[in-house]
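All remarks here apply to the structure that follows.
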Amino acid sequence: MKNNIVDYLTKEIKSSKNNLNDTFNIGGTFVSKTSGIISGVEIFIQILEKINRENKIYHIKDSKDLVNRGDSIVSIRSNSNDIIGIKTLGENLLSSLSSVSTTMSKYLQEIKDLECDVYVFQNITSNIGELYDAAVEDGGGKVLYTNKYYLPYLIWSKEEIDKYFENISPDEEVYVEVKNINEFQRAVSYPCTHIVCVDFDVESIEIANANKRDKIVGIRSNLTFANIHSFAKDNIDFVIIDNFYRNLKKFEVEFKYFEN
């Protein structure tokens with residue numbers, strides 16, 4: 001994980017500290033209140049180490065691990081001047097990132113019998129957004145980076161298409177979005193690698209798959225746990241979940257103090 005994110009979060013927790021000269025050692029354990037895929041453990045430990053080198057950290061679970069309700073994740077011993085900030089940061093960070101991982105894992109569980117990748121678009125929010133992208137991968141999904149060759153609703157003329165693609169290496173992955181079968185049939189002849197069918201119904205997806213030639217075909221739609229299998233079952237290579245970050249499955253973490 002990039003150091004600037006660790007530095008940013010370390011600065012946030014240090015800014016919330018009071019000025020008491022307090023070295024009394026206390027501690028506690030972060031415990032999962034729900035079952036799911038844990039994420040953010042390593043980044044949290046880096047922050048704890050930067051806050052105070054004397055912090056004692058007991059690393060129990062790794063990111064990508066499945067945890068059940070009541071499982072311990074990380075135990076720490078610190079001073080009481082740091083502990084409230086650590087508690088708040090840890091609960092927020094581990095809960096939010098684990099919600100992302102757990103949600104992705106749930107989508108993949110729904111299509112575990114299919115050979116289909118699950119993508120979300122890159123989260124462009126600074127600092128925390130990069131952690132969310134990592135959490136997607138902890139849950140088994142993939143992040144689609146759209147800062148290069150991702151062309152939404154490509155319906156240009158042949159001349160414009162030829163001009164655009166002439167400077168793109170044949171080795172590059174190029175994604176083209178289409179909104180209907182007519183656009184799909186045009187895109188099949190483009191020098192692109194991936195065709196993204198936007199809001200296709202199941203019947204249209206079947207037609208697209210029967211005529212995709214050498215293209216990698218996916219669906220981008222309002223996918224849910226209930227309907228993802230219906231869309232993915234017809235030899236779709238990948239799905240893109242538009243509403244992923246708006247529909248996260250809640251994951252809860254609590255901090256339990258040690259008895260001294």
Side-chain angles (χ1 to χ4, degrees), residues 100-101 103-124 132-247:
V100 174
S101 294
T103 302
M104 177 53 68
S105 175
K106 172 65 174 170
Y107 275 111
L108 287 166
Q109 182 68 19
E110 294 297 325
I111 57 170
K112 62 182 179 180
D113 59 323
L114 306 175
E115 293 184 5
C116 181
D117 291 322
V118 179
Y119 287 90
V120 297
F121 285 115
Q122 177 187 17
N123 193 315
I124 60 174
Y132 272 53
D133 291 342
V136 166
E137 295 176 352
D138 283 345
K142 297 184 177 181
V143 178
L144 185 56
Y145 297 94
T146 59
N147 58 340
K148 204 169 184 182
Y149 302 126
Y150 190 96
L151 313 176
Y153 306 134
L154 189 60
I155 52 175
W156 305 336
S157 67
K158 185 179 185 305
E159 291 75 18
E160 289 171 318
I161 293 291
D162 291 342
K163 183 177 180 180
Y164 182 86
F165 283 110
E166 66 183 7
N167 295 318
I168 298 178
S169 166
D171 297 329
E172 295 285 359
E173 290 189 349
V174 180
Y175 291 74
V176 171
E177 282 189 353
V178 297
K179 295 181 291 184
N180 53 57
I181 287 297
N182 288 336
E183 289 183 10
F184 179 88
Q185 290 171 338
R186 291 184 61 192
V188 167
S189 64
Y190 297 160
C192 60
T193 54
H194 296 66
I195 301 177
V196 183
C197 302
V198 180
D199 291 331
F200 274 38
D201 57 29
V202 174
E203 181 180 355
S204 297
I205 294 171
E206 292 174 352
I207 296 172
N209 265 317
N211 296 277
K212 66 181 183 179
R213 300 182 192 172
D214 60 341
K215 307 300 183 185
I216 299 173
V217 174
I219 178 76
R220 175 184 175 188
S221 188
N222 185 26
L223 299 172
T224 66
F225 298 142
N227 69 16
I228 187 172
H229 195 279
S230 297
F231 282 100
K233 68 180 181 180
D234 294 307
N235 296 318
I236 282 289
D237 299 301
F238 64 94
V239 296
I240 300 173
I241 304 174
D242 273 346
N243 59 358
F244 180 78
Y245 290 110
R246 297 195 301 271
N247 293 281

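All values below come from the heavy atoms of this structure, side chains included, with hydrogens, waters and symmetry mates left out. Keep in mind it's a predicted model, so treat the numbers as computed, not measured.
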Hits for ring pair (Phe, Tyr, Trp, His ring centres under 6.0 Å) against F200, two or more places apart or cross-chain, chain-then-number order -> none
Below 30° counts as parallel, above 60° as perpendicular, anything between as tilted: where do the rings of F238 and Y119 land? perpendicular
CG (N209) and SG (C197) are apart, to the nearest 0.5 Å, by 7.5 Å
Next on the checklist: Any non-hydrogen side-chain atom of F225 less than 4.5 Å from a side-chain atom of T103?
Outcome noted: yes
**Report entry** K233 (side chain) donor-acceptor with L114 (main chain) under 3.5 angstrom
**Finding:** no
Report task. Using modelled atom types only, decide if a donor and an acceptor are shared between the side chain of D237 and the backbone of V217 within a distance under 3.5 Å. Result -> yes
- Query: Passes side-chain contact (heavy atoms from CB on, under 4.5 Å), V118 versus M104? Steps please.
  - Reply: CA-CA 8 Å; V118 179; M104 177 53 68; 3.7 Å; yes
Sorted by chain and number, sequence neighbours left out, side chain to side chain donor-acceptor pair (under 3.5 Å) with S189 holds for none
Closest non-hydrogen contact found for V176 with A187 is CG1-CB, 4.2 Å
Taken in chain and number order and not counting sequence neighbours, the residues that satisfy salt bridge (Lys or Arg N to Asp or Glu O under 4.0 Å) with D133 are none
Applying side chain to side chain donor-acceptor pair (under 3.5 Å) to D201 and not counting sequence neighbours gives S204
Compare all side-chain heavy atoms of Q185 with those of N211 and state whether any distance is below 4.5 angstrom. no
Those residues at least two apart in sequence (or on a different chain) that pass side-chain contact (heavy atoms from CB on, under 4.5 Å) with D113 are H229
For K215 and Y190, indicate whether the former's side chain and the latter's backbone hold a donor-acceptor pair under 3.5 Å.
yes
Value for OG1 (T193) from OH (Y175), rounded to nearest 0.5 Å, stands at 6.5 Å
Quick check: does any side chain N or O of S105 sit under 3.5 Å from a backbone N or O of G139, one acting as donor and the other as acceptor? no
**Report entry** Close side-chain approach of I236 and F231, heavy atoms under 4.5 Å
**Finding:** no
Note: A232 and V239 closest approach over all heavy atoms is CB-CG1, 4.2 Å
By salt bridge (Lys or Arg N to Asp or Glu O under 4.0 Å), D242 pairs with (sequence neighbours left out) R220
Here the pair of heavy atoms bringing S101 nearest to D138 is OG-CB, 3.4 Å
K142 meets the salt bridge (Lys or Arg N to Asp or Glu O under 4.0 Å) criterion, sequence neighbours left out, with D117
The side chain to side chain donor-acceptor pair (under 3.5 Å) partners of N222 (sequence neighbours excluded) come to N243
Residue set satisfying side-chain contact (heavy atoms from CB on, under 4.5 Å) with E137, at least two apart, ordered chain then number -> V143, Y145
Has E115 got more than 12 heavy atoms of other residues, nucleotides or ligands less than 6.0 Å from its CD? no
Residues passing the salt bridge (Lys or Arg N to Asp or Glu O under 4.0 Å) test with K106, sequence neighbours excluded, are E110
Only one of H194, E173, E177 passes side chain to side chain donor-acceptor pair (under 3.5 Å) with Y150, and that residue is E177
Rounded to the nearest 0.5 Å, the OH atom of Y107 sits from the OG1 atom of T224 at a distance of 6.5 Å
Nearest heavy-atom approach of D199 to S221 is OD1-OG, 3.4 Å
Hits for ring pair (Phe, Tyr, Trp, His ring centres under 6.0 Å) against F184, two or more places apart or cross-chain, chain-then-number order -> none
For I168, the side-chain contact (heavy atoms from CB on, under 4.5 Å) test, sequence neighbours excluded, returns Y149, Y164, F165, E172, V174
dist I219:CD1 -> S230:OG (nearest 0.5 Å) comes out at 12.0 Å
